[in-house]
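A short write-up of the structure that comes next.
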Amino acid sequence: AKTEDDGVLVGKEILETFDKAVTEAAELAKEKPAPAELKPKLEELYKGYEEKMTALNTKYLALKEKDIALFGSCNGYIGENRGKHVFKMNETMHEHVTHYGSQEGGAEIVQLLTKDIINLLEVAVKH
């Protein structure tokens, strides 16, 4: 069995942090609050996660400095697993996206629950 190096561990931490953000965002949307009520809550949540992802980006970039092979294994892990996590996010958000998609002012919420949350991953892996 292949042992998990520091690169894989950072990759896992990035994706686990993303999963937590998805879970918390879905929780905020669960009771179907009005878009005007939900939007600031999601924005606040994402701001906190953006800080976490920025900290993870520092770890991610440090791998490159430390050992390019570790940086490669982190990217490999994220590359192999990101799609599964995004797919799971889409499944989790489906009901909320459907609900808000048909509502006045809901387009912004759909954007927050789909594209904007994925941007958190981008923050963690930007070069």
Side-chain angles (χ1 to χ4, degrees):
K2 199 170 118 187
T3 58
E4 295 182 346
D5 63 32
D6 288 348
V8 170
L9 295 175
V10 171
K12 278 189 165 180
E13 194 177 349
I14 289 168
L15 291 173
E16 284 167 8
T17 302
F18 172 73
D19 290 345
K20 284 182 195 152
V22 169
T23 301
E24 288 180 39
E27 193 59 36
L28 288 173
K30 193 170 80 176
E31 301 299 320
K32 299 181 176 42
E37 193 185 317
L38 181 56
K39 185 181 177 214
K41 290 179 181 173
L42 288 172
E43 288 171 340
E44 185 64 28
L45 177 72
Y46 294 175
K47 209 169 97 186
Y49 273 98
E50 199 168 317
E51 290 167 15
K52 291 176 183 165
M53 290 301 204
T54 300
L56 285 169
N57 181 252
T58 303
K59 276 182 160 178
Y60 170 77
L61 293 175
L63 291 170
K64 196 191 239 178
E65 300 284 310
K66 185 175 168 186
D67 182 346
I68 197 70
L70 292 176
F71 185 68
S73 71
C74 180
N75 282 315
Y77 181 84
I78 289 173
E80 280 173 35
N81 295 284
R82 176 186 173 133
K84 292 177 207 146
H85 289 261
V86 170
F87 180 78
K88 197 173 110 191
M89 177 216 75
N90 286 329
E91 284 187 323
T92 302
M93 296 302 184
H94 179 76
E95 177 190 336
H96 309 304
V97 167
T98 303
H99 172 76
Y100 287 104
S102 63
Q103 246 190 41
E104 184 73 33
E108 269 187 303
I109 300 299
V110 169
Q111 169 85 20
L112 282 163
L113 294 175
T114 55
K115 293 183 178 65
D116 293 0
I117 197 164
I118 290 176
N119 288 343
L120 293 173
L121 280 174
E122 301 307 320
V123 170
V125 295
K126 72 178 178 221
H127 295 274

Do you know which two heavy atoms are closest between Ala26 and His96, and how far apart they sit? O-NE2, 3.6 Å
Heavy atoms of Pro33 and Ala29 approach each other most closely as CD-O, 3.8 Å
Heavy-atom closest contact (Ile78 atom, Val125 atom, distance): CD1-CG1, 3.6 Å
Determine whether more than 12 heavy atoms belonging to other residues, nucleotides or ligands lie under 6.0 Å from atom CD of Glu108. no
Gap between atom CD1 of Ile14 and atom CZ of Arg82 - 0.5 Å precision: 10.5 Å
For the residue pair Leu42 and Ala25, what are the closest heavy atoms and their distance? CD2-CB, 3.8 Å
With rounding to the nearest 0.5 Å, note down the distance linking OG1 in Thr54 to NZ in Lys59. 13.5 Å
Hey, could you give me the NZ/CD distance between Lys39 and Gln111, rounded to the nearest 0.5 Å? 10.5 Å
Check for a donor-acceptor pair, side chain of Asp6 on one end and backbone N or O of Leu70 on the other, with a separation under 3.5 Å. no
Between Cys74 and Val10, which heavy-atom pair has the shortest distance, and what is it? SG-CG1, 4.1 Å
Around atom NZ of Lys32, are there more than 12 heavy atoms of other residues, nucleotides or ligands at under 6.0 Å? yes
Salt bridge present between Lys41 and Glu24 (N-O < 4.0 angstrom): no
Hey, could you give me the NZ/CD distance between Lys52 and Glu13, rounded to the nearest 0.5 Å? 11.0 Å
For the atom pair CG (Leu45) and CG (Asp116), what is the distance rounded to the nearest 0.5 Å? 12.0 Å
CA sep, side-chain torsions, deciding dist, call: Leu121, Val86, side-chain contact (heavy atoms from CB on, under 4.5 Å): CA-CA 10 Å; Leu121 280 174; Val86 170; 4.2 Å; yes
Any donor and acceptor pair, going by atom type alone, linking the side chain of Asn119 with main-chain N or O of Glu122 inside 3.5 Å? no
Is there a donor-acceptor pair under 3.5 Å between the side chain of Tyr46 and the backbone N or O of Leu112? yes
In one Ile/Leu/Val/Met/Phe/Trp/Tyr side-chain cluster, 4.5 Å: Leu61, Tyr77: yes
Do you reckon Leu9 sits in the same ILVMFWY cluster as Met53, going by side-chain contacts under 4.5 Å, direct or chained? no
Atom pair OG1/CD1 of Thr92 and Ile117 - distance to nearest 0.5 Å: 9.0 Å
Taken in chain and number order and not counting sequence neighbours, the residues that satisfy side-chain contact (heavy atoms from CB on, under 4.5 Å) with Glu44 are Lys47
Determine whether His127 and Lys64 make a side-chain contact, defined as any pair of heavy atoms from C-beta on separated by less than 4.5 Å. yes
Quick check: closest heavy atoms across Tyr49 and Thr17, and the distance to 0.1 Å? CE2-O, 3.5 Å
With no hydrogens and no angle check, is any side-chain donor or acceptor of Asn75 less than 3.5 Å from a backbone partner on Phe71? yes
